[in-house]
Amino acid sequence: MSLIRKRVEVPEERLMIRKAEPRDAKKIIECMQSVMDERIYFVSEYYLYTERGEQERLRNPDDLTLVAAIGDKIPGVLTLQRGVYKKNRHTANLGIAVMNGYRHQGIGSDLIREALRWSDQNGIKKVNLEVFSTNVNAIEAYRKIGFIQEGARKSQFIINGEYVDDILMTYWIDPKLS
Ligand SMILES: CC(C)(COP(=O)(O)OP(=O)(O)OC[C@H]1O[C@@H](n2cnc3c(N)ncnc32)[C@H](O)[C@@H]1OP(=O)(O)O)[C@@H](O)C(=O)NCCC(=O)NCCS
């Protein structure tokens with residue numbers, strides 16, 4: 001499977017979607033933290049791994065981390081964490097962050113499509129994610145790719161003083177199971 005594709009042309013550099021390597025750890029943390037600093041997209045406001053911890057995480061063959069690289073910059077990161085038990089190994093949870101200034105150029109969709117391809121090739125049958133009901137751009141991006149809403153947990157979060165629902169979305173790699 002080739003993980004190298006190009007999509008967005010930026011001056012003299014091109015976007016590459018590839019599997020993360022341990023040497024990417026610092027830039028992955030910076031990308032994740034910069035999106036967490038916006039405080040409206042993720043529950044956690046701090047990326048919990050140190051650089052060494054992140055390098056260890058990247059060595060776990062059960063999980064996939066993809067990066068969107070433009071030259072030596074990493075403006076996009078996707079993580080896919082497979083269920084760790086026999087009962088849920090056919091599922092994976094997806095998380096994604098594209099840095100402000102790089103959004104709405106196809107980077108997120110490219111990352112997700114690559115993750116869905118990997119899931120298919122690795123025996124995963126359904127890919128799950130959770131998204132705040134206020135994150136309409138992300139919900140629309142997921143729908144366009146083929147995610148459907150499987151459920152919602154009402155008023156699960158409080159963001160800037162407002163109650164926000166937790167929207168549970170799924171992409172069926174194997175639609176027969178849906
Ligand atoms: C959600 C996110 C991953 C989408 O990635 P992206 O690279 O911005 O999305 P794409 O360029 O592939 O666009 C896909 C669709 O998303 C929607 N979208 C993304 N950014 C948008 C924006 N700024 N305004 C309006 N729609 C937007 C559009 O429907 C778009 O489809 P279109 O190009 O046909 O209009 C990215 O915006 C992001 O990381 N946002 C902040 C963090 C976040 O929300 N993470 C997910 C938490 S669950």
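No experiment lies behind these values; they were computed from the predicted model shown. One-based numbering, in listed order, for ligands and for the atoms of each.
Which parts of ligand 1 touch Q105 is read off a 4.0 Å heavy-atom cut-off, strictly below it: atoms 11 (O). For ligand 1 and N135, the ligand atoms under 4.0 Å from any heavy atom of the residue are 43 (C), 44 (O), 47 (C). Numbered from 1 in the order shown, with element, the atoms of ligand 1 that lie under 4.0 Å from a heavy atom of A141 read 14 (C), 15 (C), 16 (O). Each of the atoms 10 (P), 12 (O), 13 (O), 14 (C) of ligand 1 lies under 4.0 Å from some heavy atom of S109. For ligand 1, the atoms closer than 4.0 angstrom to any heavy atom of A138 are 1 (C). Heavy-atom proximity to V35, at under 4.0 Å, picks out these atoms of ligand 1: 42 (C). Interface atoms of ligand 1 facing A97, defined by a heavy-atom separation under 4.0 Å, are 39 (O). Ligand 1 places these atoms under 4.0 Å from at least one heavy atom of E140: 29 (O).
No hydrogens or angles considered: a donor-acceptor pair under 3.5 Å links the side chains of E54 and Y47. A donor-acceptor contact closer than 3.5 angstrom is absent between the side chains of T79 and R57.
Under a 4.0 Å N-O distance rule, the pair E30/K27 does not qualify as a salt bridge.
I40 places none of its side-chain heavy atoms less than 4.5 Å from the side chain of F132.
Using a 4.0 Å heavy-atom cutoff, E130 is listed among the residues neighbouring ligand 1.
With distances taken over non-hydrogen atoms, the option nearest atom 7 (O) of ligand 1 out of A68, G108, G76, G106 is G108. Distances from atom 46 (C) of ligand 1 to the heavy atoms of F42, Y142, Y41, Y102 put Y142 nearest. Compare V77, I96, V98, N137 by their heavy atoms: the one nearest to atom 23 (N) of ligand 1 is in N137.
Taking every heavy atom of both residues into account, G76 and L111 meet most closely at C-CD1, 4.0 Å.
Dense packing is recorded around CZ of F42, with more than 12 heavy atoms of other residues, nucleotides or ligands lying under 6.0 Å away. Counting heavy-atom neighbours within 6.0 Å of E162 CD, excluding the residue itself, gives a total of 12 or less. Around atom CZ of R52, no more than 12 heavy atoms belonging to other residues, nucleotides or ligands sit under 6.0 Å away.
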